[in-house]
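Every value quoted in this text rests on a predicted model; they were computed, and no experiment measured them.
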Amino acid sequence: MTLAAVFAIAWQPTGFAQPDRHDPSSETRLKAAFLYKFASYVEWPPQNAPGPGAPLVIGVMDADALMRELSEITVGRSIDDHPIEVRRLDPSEPLAGVQILFIGNRRGSQLDTQLLPTRRQPILTVTESRGAISNGSIINFTVERDRVRFEVSLAAAEASRLKLSSRLLSVASRVHRKAK
């Protein structure tokens, strides 16, 4: 399923992509699907991309339900001949070998502290916290009118030496072009 297809489902008035206010698992499933698909729309610097046959590693902090969903979605799948590896990470763990880092809902200084080690590192940071873009996140999930959306910071992506596909940017609800 392409990112555009995942996003199209999110815009539909019915289907699993419209999170049920009483069923947070549908929102979690959609975020996991987006997270998996994001990897197809990012170019890492050659020296930081996974080597031939090496896994593409998605680290998950503070989001066990999303980690379970993501693990189920990615079983047996690969992106550009890289199998997907999902790792649960504690905030104190090193981020070596991680290409994508998802940080569950955090507030203010907690989020800033978690994002600090990723700044200027070739790690796609994805969050789900209010104000996360201004704290340095590259992609941040939002829920608007009961639908999952995401916003993108081009400045944070450039600082991390990541190139984001125009196809990804075209489906973002908001693209922040300058640092906040």
Side-chain angles (χ1 to χ4, degrees), residues 3 6-7 10-11 17-19 21 24-44 48 56-70 73 86-95 98-180:
L3 183 63
V6 170
F7 196 72
W11 281 86
Q18 181 179 357
R21 288 181 224 188
S25 66
S26 64
E27 180 180 323
T28 301
R29 262 192 308 273
L30 185 58
K31 287 178 180 179
F34 271 123
L35 191 56
Y36 162 65
K37 292 309 291 180
F38 287 156
S40 297
Y41 297 91
V42 176
E43 185 180 322
W44 282 266
N48 299 103
L56 186 137
V57 179
I58 303 173
V60 179
M61 282 186 195
D62 302 322
D64 290 340
L66 184 131
M67 189 187 76
R68 284 188 297 276
E69 289 289 340
L70 185 59
I73 289 171
V86 179
R87 282 188 204 159
R88 181 182 189 281
L89 297 174
D90 290 320
S92 61
E93 285 185 68
L95 300 174
V98 173
Q99 282 79 37
I100 300 174
L101 175 64
F102 178 81
I103 302 173
N105 197 2
R106 294 294 208 132
R107 296 177 194 254
S109 64
Q110 290 178 326
L111 181 61
D112 191 49
T113 300
Q114 296 303 284
L115 286 170
L116 188 62
T118 67
R119 290 197 180 115
R120 306 206 182 279
Q121 298 299 315
I123 298 172
L124 178 68
T125 53
V126 183
T127 53
E128 61 180 355
S129 302
R130 178 169 287 187
I133 293 293
S134 63
N135 282 318
S137 179
I138 297 172
I139 297 176
N140 186 55
F141 286 118
T142 61
V143 177
E144 300 167 17
R145 290 179 286 202
D146 296 327
R147 292 193 176 96
V148 174
R149 307 280 194 258
F150 62 92
E151 57 186 336
V152 176
S153 170
L154 284 179
E158 289 171 11
S160 293
R161 302 179 317 277
L162 300 177
K163 293 181 184 175
L164 305 180
S165 164
S166 60
R167 290 173 60 196
L168 174 70
L169 300 177
S170 71
V171 294
S173 64
R174 186 165 182 201
V175 177
H176 303 265
R177 302 203 181 276
K178 295 184 181 187
K180 283 191 161 194

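- Each of V42, I58, I123, V60 was scored for a side-chain contact (heavy atoms from CB on, under 4.5 Å) with I100, with one residue passing: I58.
- Summarising the geometry, atom CZ belonging to F34 is positioned 12.5 Å from atom CZ belonging to F102; distances are rounded to the nearest 0.5 Å.
- Of the listed residues (L35, L101, L164, V98), just one forms a side-chain contact (heavy atoms from CB on, under 4.5 Å) with L124, and that residue is L164.
- For the pair W44 and L56, the minimum side-chain heavy-atom distance is below 4.5 Å.
- Partners of E93 under the side-chain contact (heavy atoms from CB on, under 4.5 Å) rule, at least two apart in sequence or in another chain, are L89, D90.
- T127 is linked by a side-chain hydrogen bond (donor to acceptor under 3.5 Å, both in side chains) to S137, N140, counting only residues two or more places apart in sequence or in another chain.
- Every residue two or more places apart in sequence or in another chain was checked for a side-chain hydrogen bond (donor to acceptor under 3.5 Å, both in side chains) with R120, and none qualifies.
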Can you give me every donor-acceptor pair (side chain of residues 61-70, partner residue at least two apart or in another chain, under 3.5 Å) with its distance?
| unit_1 | atom_1 | unit_2 | atom_2 | d |
| --- | --- | --- | --- | --- |
| D62 | OD2 | R106 | NE | 2.6 |
| D62 | OD2 | R106 | NH2 | 2.6 |
| D64 | OD1 | R88 | NE | 3.1 |

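- In this structure, the side-chain contact (heavy atoms from CB on, under 4.5 Å) partners of I73, at least two apart in sequence or on a different chain, are A32, A33, Y36.
- In this structure the side chain of Q121 never reaches within 4.5 angstrom of the side chain of L95, judged on heavy atoms.
- I103 has its side chain within reach of L115: a pair of non-hydrogen atoms, C-beta onward, lies under 4.5 Å apart.
- We find the CZ-CG distance between R161 and N48 to be 5.5 Å, quoted to the nearest 0.5 Å.
- Every residue two or more places apart in sequence or in another chain was checked for a side-chain hydrogen bond (donor to acceptor under 3.5 Å, both in side chains) with S165, and none qualifies.
- Looking at every heavy atom in both residues, G136 comes nearest to A156 through O-CB, 3.7 Å.
- A distance of 15.5 Å separates NZ in K163 from CG in L168, rounded to the nearest 0.5 Å.
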When you look at S129 and N105, which way does the side-chain contact (heavy atoms from CB on, under 4.5 Å) test go after all the steps?
CA-CA 5 Å; S129 302; N105 197 2; 3.2 Å; yes
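- The structure places CD of Q99 at 10.0 Å from CG of L162, a figure rounded to the nearest 0.5 Å.
- Residues E128 and L111 are not in side-chain contact: their nearest non-hydrogen atoms beyond the backbone lie 4.5 Å or more apart.
- Listed by chain and number, the residues in a side-chain hydrogen bond (donor to acceptor under 3.5 Å, both in side chains) with Q114 amount to none (sequence neighbours excluded).
- Contact annotation: the side chain of F150 never approaches that of K31 to less than 4.5 Å [non-hydrogen atoms, C-beta and beyond].
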